[in-house]
Colleague: 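Have a look at the structure that comes next, please.
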Amino acid sequence: MQFELSHVDKVYESSEEIKVYGAKNVNIKIPEAEFMALVGPSGSGKTTILNLIAGLILPTAGSLKHGGEDITSMSLEERTKHRLDYMGFVFQDYQLLPILTAAENIEFPLQLKGFSKKEIKERVEWALTQVGLEKLGNRFPSQLSGGQQQRVSIARAIAGRPQLILADEPTANLDSKTAQEIIELFLKLNKEFKLTFIFSTHDQRLIDQVRTVLYVKDGQISESRVHNV
Amino acid sequence: MSGFAYLVKFSYRNLFRVPRRTLIMILSLSLGCGFIIWDLNFANSGSKEMMKEFLSQYAGNYHITHPDFYDDHNKKEFNLYKTMSDAELEEKDLIQLSTKRVNAPVFISGEKKTLGVLLTGLDVVKEKKISTLYKAISEGRFLAEAGDKEIILGKKFAKRINVKVGEQVATVGQAIDGSIANDLFTVVGVLDFGGGDLEESLAFTQLQSAQELLAMPLEKYHQRVSFDMDSEIPLSLKNHEISKWTELLPEIGVSVRFIDNFTWIVSIIIVVVVSLGLSNTLMITFFEREQEFTSLNIIGAQTSWITASLMVEVFVMGTIAVFIGALLGFAATTYFNYYPINIEIFTGGKPIIMGGITIAPLVRIYSVPQYYWQVPLMIYFFLILTMIYPLIRVIRRSKNAV
Ligand SMILES: Nc1ncnc2c1ncn2[C@@H]1O[C@H](COP(=O)(O)OP(=O)(O)O)[C@@H](O)[C@H]1O
Ligand SMILES: [Mg+2]
C-alpha cells in the first residue's frame, strides 16, 4: 500500500494577514520499499511534508491517502492509531524515554500494539541486533552516546515492521562519520527487509546514496532525482 | 502483559523519574493522611470518653419509657401517670446494663424555703453497679439498700433550702392516681456535681419510697435507663419511647457533634491545602514532559492513553501515600493508646469541667475502623480534583501540538 499526497497545500495562519505556505501543490507517491530523501534548506517545508504524511497535521487543500484510505477524514485518535499500525518514526533528537532502558523504549510501541510477551521479546532482540546494539539493551538513554541513542530510536521505529519509516533530520545532531553510519543502516534495512524510508536532511553529502531525492524549496518540490543505487 | 498492566508499569516508572519530588509529594500526602486519621481517632476517643463520663454519672445511654411518657411537643415535659412494667417491656433481656427508675416533679420544703425538684426513685443495688452517681456524694452517704424514705439532695439545692445531712424534709407532689402525695424524707447525703445545674434540680430516693409516695404499684416504674454504650438499641423496642442521651443531654450532644464536625472540617482544610501544593507540583511535572507527550503521540500513543497513564501515575502515588498514611495514623493512634494524652495540656493544666462534670483528663486513643477507608477515600476524591486542571491542559496541548 503506498502513501500518496496529491495537490497538497498547507497554509499556516499565524494571524489574519500573515499566511505562510508550508507546502504548496505537493505531489508525492511513496511506493513500497522506496528510499526517499527530502532535501532543502531550513524553512523550506521538509518537516511540514513529513508531518502531513504522518497525519500529524492536516492539509489545507489536496488529498492525503494511504492505500485507499483517506487520512484527512480520520479523527485525531484514529490518525494516532494509524501511525501506530503503519509507521515508524526517527527523530532528530531521538526522543527516547529517559525512564526506560533501550530495550524498553523499543518495546513501547509494541506494547501499544498489543503483541504477546514472546513476540515482543523476539522483535526487540531482532531490532537491537539490526542496529548493532544487542549488548546494550539494558542501558538507559543517558548511558548511551548520541549515535547509539539514534540507533535505539531506529530500532524502536523498525521493531513493528511498519510500512513506512519517517525520519526528520535524523543525522542533524550527529557528527559526519556517525551520520554516514546511520544512513548506511537505513540503506541496509531497506535492502534486506524492504523497509520503506522517507527522511529529510540538508546534508548534501549523504544524498548520493539515496534512490529518490526530492528537492524542496518554499514549500514546493522544485526538482526530483532518481539515482540507481 | 495486558494493556492495563503495562500502563500501570509505565506509570510507575514515570512516577520515580524525579524521585525526590515524588517522595516529597508522597510524604506530604501520607503525613496529612496519617495526621487526619490520628486526629479523627483522637476526637472520637475524646468525645467517647467524655460521653462515658457524663452518661455513667446519671443519665445513661438511653431511656426506655412508655410511648406516651414524654409529651410529643415538648420532650422536657413528661407524663407522670404513664408507667410500664417488665412484662410490657418484652425484650428486657436485650438491655444488658440497665436499671429501673421512677421520676416525679415534687416540692421539697426545708427550714426556710420550698422549691421544686425532680425526684428520682432508684434501685440502689443496681444503680451502684452501673452508674457512678454514688461517687458524687460529698457529704453523708449514698442511699442505703434496706433504707426507707431516705433522700439525697444536690449540694446547691440543699444550701438554698438550708437543710443539712440528718435533717428531715417535707415532700409534696402528685400521685399517679391524681391525689396529693406527701411524705417526710430524711436527708442522708449531699451530691456534688461540680457546681452545674444538675445540683439544683435533682433529688434521689429509694425506688420503693418513690413508688409509695406516688401511689404506684411495685411492679410499675417510669423508665428503664440503659448504660450500655457499646450495644445498639434493640430494634424490637421500637414501640416504646426511646430517648437517646443526645436528647436527654442536648448540650453534651451538641458539643460532641461540634468536636466531630470540627475535626472533619480541619481534616478537609488540611487535604485542600496539601492538594493545592500537589496540584502545582503536578502541573510542573506535566509541563516538563509536554515535549515527551508529543513524541509519544507521534509514535502511536493516543491522547487518551497518555492521559490515562498520568491518572494512573497520580493514583499509584496516592495509593502509596494513603497506605503509608494509614500505617502512620494507626501507629500514632496505637502509641497514644498505650500512653494516653493528658488533655489538660490544652487548658494549661486546669481541670476541664463541662455541664458540671469534671472530665477525666487522660484520653486513651482508640482506632475507629471506618476512618481507615473514609480518609483515604476523601484523599482520592481530592486527588481527582487536583488532577483535573493539569490533565485538561495536557489534553488541550496535545490537540494543538505539532
Ligand atoms: N506551526 C507553524 N506555524 C506557522 N508557520 C510555520 C509552522 N510550522 C512551519 N511554519 C513555516 O512553514 C515553513 C516551512 O517550515 P518547515 O516545514 O518547518 O521547514 P523545514 O523543516 O524545511 O525547516 C517555514 O516558513 C516555517 O516558518
Ligand atoms: Mg524541519
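Reminder, nothing fancy here: chain letters follow the sequence lines and each chain counts from 1.
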Colleague: How close do Ile299(B) and Pro109(A) get, counting heavy atoms only, and between which atoms?
Modeller: O-CB, 4.3 Å
Colleague: Any donor-acceptor pair under 3.5 Å linking the side chain of Arg17(B) with the backbone of Ile99(A)?
Modeller: no
Colleague: Considering residues, nucleotides and ligands other than Phe193(A), do more than 12 of their heavy atoms fall under 6.0 Å from its CZ?
Modeller: yes
Colleague: Quick one: does Glu77(A)'s side chain have a donor or acceptor within less than 3.5 Å of a partner on Thr303(B)'s backbone?
Modeller: yes
Colleague: Just wondering, are more than 12 heavy atoms of other shown residues or ligands nearer than 6.0 Å to NE2 in His202(A)?
Modeller: no
Colleague: Is it the case that the side chain of Arg83(A) and the backbone of Asn297(B) share a donor-acceptor pair, with hydrogens and angles ignored and the cut-off at 3.5 Å?
Modeller: yes
Colleague: Taking atom CG of Asp93(A) as the centre, report whether more than 12 heavy atoms of other residues, nucleotides or ligands fall under 6.0 Å from it.
Modeller: yes
Colleague: Taking atom NZ of Lys113(A) as the centre, does the number of heavy atoms from other residues, nucleotides or ligands within less than 6.0 Å exceed 12?
Modeller: yes
Colleague: What part of Ile120(A) is in contact with chain B, defined as an atom under 4.5 angstrom from a non-hydrogen atom: side chain, backbone, both or neither?
Modeller: neither
Colleague: May I ask you to check whether over 12 heavy atoms, not counting those of Phe287(B), lie within 6.0 Å of atom CZ?
Modeller: yes
Colleague: At a 4.5 Å cut-off on heavy atoms, which part of Phe10(B) comes close to chain A: side chain, backbone, both, or neither?
Modeller: both
Colleague: Do Glu104(A) and Lys9(B) have side chains that approach each other closer than 4.5 Å (heavy atoms only, starting at C-beta)?
Modeller: yes
Colleague: Return the orientation label for the Phe108(A) and Trp305(B) ring planes: parallel under 30°, perpendicular over 60°, tilted otherwise.
Modeller: perpendicular
Colleague: Give the member of Leu97(A), Asp85(A), Thr47(A) that has the highest number of heavy-atom pairs under 4.5 Å with chain B.
Modeller: Leu97(A)
Colleague: In terms of heavy-atom pairs under 4.5 Å, which option from Gly160(A), Pro98(A), Pro162(A), Gly114(A) contacts chain B the most?
Modeller: Pro98(A)
Colleague: Counting neighbours of OH on Tyr380(B) that are heavy atoms of other residues, nucleotides or ligands and sit closer than 6.0 Å, is the number greater than 12?
Modeller: yes
Colleague: Any non-hydrogen side-chain atom of Leu56(A) less than 4.5 Å from a side-chain atom of Ile298(B)?
Modeller: yes
Colleague: Give a yes or no on this: more than 12 heavy atoms of other residues, nucleotides or ligands lie within 6.0 Å of atom CE of Met74(A).
Modeller: yes
Colleague: Checking Arg156(A) against chain B: side chain, backbone, both or neither under 4.5 Å from a heavy atom?
Modeller: side chain
Colleague: Does CZ in Phe16(B) sit with more than 12 non-hydrogen atoms of other residues, nucleotides or ligands closer than 6.0 Å?
Modeller: yes
